[in-house]
Amino acid sequence: MAAFYHHHHHHFSQHPLHPPSTDLRRLFHRLTIASSLSIICFSLVYLLTGGCESELAENSDIQPPARDFLARASEWRQEGNGTEAPGTNSSGKEWTAARRLPQALIIGVKKGGTRALLEFLRLHPDIRALGSEPHFFDRHYARGLDWYRSMMPKALDGQIVMEKTPRYFVTVDTPARVHAMSRDVKLIVVVRDPVTRAISDYTQIISKTPDIPSFESLAFKNRTTGQIDSLWSPLWIGLYAQHMERWLAWFPRNQIHLVSGERLISDPAGELGKVQDFLGLQRIVTDKHFYFNKTKGFPCLKKPEGSSKPHCLGKTKGRTHVSIDPEVIRKLRDFYKPHNQRFYQLAGQNFGWH
């Protein structure tokens, strides 16, 4: 500072019209204003982004794009009438990001396409989704709702918070527990032909525990009589009507949206459009977001947020199924037929499983 002053003092002394003290004062004045302005701007950005805390731990859930914040910020400025409490706008809404309990859940089914659906939905700027499966209502219910809330990503007002745990659809206590949290929660179930779902499930199991018995020996209680073991988890999960009835005892049909796992692959944009409608969101995720990867046999995202590379689901998705004796498949199709018919009636739609 002394050097700064000394240098300038020499310069100013040649211009007696401007005493050094006034020039310095003016300079400091400008500096003060500039720094105050930058502090104000920084604070605003800090507030709007919910405290800038690193949310990388949440599976890089840093989702609302900056333009979104700016758009919202200009709305708040227009709405503000000077009477509101800090942190709220004139309609009484909070405009700092906060952790809230989910308003929507993807509750099932395992190996139906729930990860794909979640990743596709996360492209929507008004969806804040937890990357991992919290298993709150089936495994960790004793930890309480505050723990569950603390797991959620921060969200602004008007954004929908959601998580997916496919086990929820089939666990007996879950519908009542979800209802106790919120009777208005929106429920999404991705369903898929129960026979291919069971084979996919078994394929996943064998990849983790290679020495388990064959699919055929686990699927039948008695191979000679052809009696099927419907309590074997891969087969039991596919009894959709049975599980759906449990949910319908607690929630009205219009609060449950069914996604076809097959159409999620053949027409991802169409299925996503219906999900966005169900959630009351603008149809922002459209066919321009997808391309079909022939090797994987899956739709992939062209450009996920903040990356220039296309993004496909991980290596554990789209595994080559183990081959099953066609006779066993025929018996399973016969076994599921009445269950599927009952499910179509409950669903009010035919999923075309044979």
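Any value given below was found using the heavy atoms of this structure, including those in side chains, with hydrogens, waters and symmetry copies removed.
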Whether the side chain of His124 engages the backbone of Leu281 through a donor-acceptor N/O pair (distance < 3.5 Å, no angle test) should be reported.
no

I need the Ile256 CD1 to Trp247 CH2 distance, nearest 0.5 Å.
7.5 Å

How long is the span from the CZ atom in Arg115 to the NZ atom in Lys110, to the nearest 0.5 Å?
14.5 Å

Are any non-hydrogen side-chain atoms of Val185 and Leu101 less than 4.5 angstrom apart?
no

Could you label the plane-to-plane angle of the Trp250 and His179 rings as parallel, tilted or perpendicular, counting under 30° as parallel and over 60° as perpendicular?
tilted

Once rounded to the nearest 0.5 Å, what's the spacing between atom CD of Gln242 and atom CD1 of Ile237?
12.0 Å

Hey, are the side chains of Pro102 and Met181 touching, using non-hydrogen atoms and a 4.5 Å cut-off?
yes

Do Arg167 and Glu133 meet the salt-bridge criterion of a basic N to acidic O distance under 4.0 Å?
no

I'd like to know if the side chain of Arg128 and the backbone of Met162 have a donor-acceptor N/O pair within less than 3.5 Å.
no

Roughly how far, to the nearest 0.5 Å, is CD1 of Ile160 from CG of Leu121?
9.5 Å

Quick one, Asp184 with Ser182, criterion side chain to side chain donor-acceptor pair (under 3.5 Å). Give me CA distance, side-chain angles, the key distance, then yes/no.
CA-CA 5 Å; Asp184 303 316; Ser182 163; 4.9 Å; no

Give a yes or no on whether a salt bridge exists between Arg330 and Asp334, defined as a side-chain N under 4.0 angstrom from a carboxylate O.
yes

Examine distances only and state if a side-chain atom of Gln255 and a backbone atom of Arg183 form a donor-acceptor pair shorter than 3.5 Å.
yes

For residues Phe335 and Leu239, determine if any side-chain heavy atom of one lies less than 4.5 Å from a side-chain heavy atom of the other.
yes

Between Val172 and Arg246, is the side chain to side chain contact (heavy atoms under 4.5 Å, CB included) condition met? List the steps.
CA-CA 8 Å; Val172 180; Arg246 254 200 326 271; 4.2 Å; yes

Do Val109 and Val170 have side chains that approach each other closer than 4.5 Å (heavy atoms only, starting at C-beta)?
no

Side chain to side chain contact (heavy atoms under 4.5 Å, CB included), that's the test. Do Glu163 and Tyr148 meet it? Break it down for me.
CA-CA 11 Å; Glu163 64 111 324; Tyr148 186 46; 2.6 Å; yes

Looking at every heavy atom in both Gln349 and Leu258, which two are closest together, and how far apart are they?
OE1-CB, 4.3 Å

Centroid-to-centroid, Phe290 to Phe120, below 6.0 Å?
yes

Using a 3.5 Å distance criterion without hydrogens, assess whether the side chain of Arg177 forms a donor-acceptor pair with backbone atoms of Phe137.
yes

For a 4.5 angstrom cut-off between non-hydrogen side-chain atoms, does Ser230 reach Leu235?
no

Are Val161 and Ile284 co-members of a hydrophobic cluster defined by side-chain heavy atoms under 4.5 Å apart?
no

Distance in Å, Asn350 CG paired with Gln341 CD, rounded so as to fall on 0.5 Å steps:
6.5 Å

Just verifying a value: how many Å separate Gln103 CD and Lys186 NZ, rounded to the nearest 0.5 Å?
9.5 Å

Should Phe351 and Phe343 be marked as a ring pair (Phe, Tyr, Trp, His ring centres under 6.0 Å) after you check the CA-CA gap, both sets of side-chain angles, and the distance that decides it?
CA-CA 9 Å; Phe351 288 89; Phe343 180 62; 5.7 Å; yes

Full working for side chain to side chain contact (heavy atoms under 4.5 Å, CB included) between Ile107 and Ile188
CA-CA 6 Å; Ile107 57 172; Ile188 299 168; over 6 Å; no

May I ask you to decide if the ring planes of His339 and Tyr336 are parallel, tilted or perpendicular, using 30° and 60° as cut-offs?
perpendicular

For the pair Thr209 (side chain) and Ile212 (backbone), establish whether a donor and an acceptor sit closer than 3.5 Å, ignoring hydrogens and angles.
no

Considering all heavy atoms of both residues, which atom of Glu271 and which atom of Val259 are nearest to each other, and what is their separation?
OE1-CG1, 3.4 Å

Kindly indicate, with the supporting measurements, whether the criterion salt bridge (Lys or Arg N to Asp or Glu O under 4.0 Å) is fulfilled by Lys274 and Asp277.
CA-CA 5 Å; Lys274 287 183 264 185; Asp277 293 349; over 6 Å; no

Within the 4.5 Å heavy-atom criterion, are Pro234 and Arg197 side-chain neighbours or not?
yes

Would you say Gln204 and Lys111 make side-chain contact, with heavy atoms under 4.5 Å?
yes

Could you check whether Glu216 pairs with Arg223 (Lys NZ or Arg NE/NH1/NH2 to Asp/Glu carboxylate O, under 4.0 Å)?
no

What verdict does the side chain to side chain contact (heavy atoms under 4.5 Å, CB included) test give for Asn222 and Asp229, after you've listed the backbone C-alpha separation in whole Å, the side-chain angles of each residue and the deciding distance to 0.1 Å?
CA-CA 8 Å; Asn222 184 328; Asp229 186 358; over 6 Å; no

Between Leu231 and Phe220, is there a shared hydrophobic cluster once you connect ILVMFWY residues whose side-chain heavy atoms come closer than 4.5 Å?
yes

Is a side-chain N or O of Arg139 found less than 3.5 angstrom from the main chain of Pro134, in a donor-acceptor match?
no

For the backbone of Leu105 and the side chain of Lys164, can you confirm whether one donor and one acceptor N or O come within less than 3.5 Å of each other?
no

Give me the ring orientation class for Phe215 and Tyr202: parallel if the planes are under 30° apart, tilted from 30 to 60°, perpendicular past 60°.
perpendicular

Thr203 and Ser200: side-chain donor and acceptor closer than 3.5 Å?
no

With Ile324 as reference, evaluate Val195, Leu332, Ile329 under the side-chain contact (heavy atoms from CB on, under 4.5 Å) test and give the passing residue.
Ile329

On a heavy-atom basis, which atom in Gly131 and which in Leu118 lie closest, and how many Å separate them?
O-CD2, 4.2 Å

Taking Arg100's backbone N and O only, do any of them form a donor-acceptor pair with Arg149's side chain (distance below 3.5 Å, no angle check)?
no

Check whether any side-chain N or O of Tyr168 sits under 3.5 Å from a backbone N or O of Phe136 as a donor-acceptor pair, and report yes or no.
yes

Would you call Arg333-Asp193 a salt bridge at under 4.0 Å N-O?
yes

Is any side-chain heavy atom of Pro153 less than 4.5 Å from a side-chain heavy atom of Leu130?
yes

When you measure from the side chain of His243 to the backbone of Tyr240, do you find a donor-acceptor pair of N or O atoms at a distance under 3.5 Å?
no

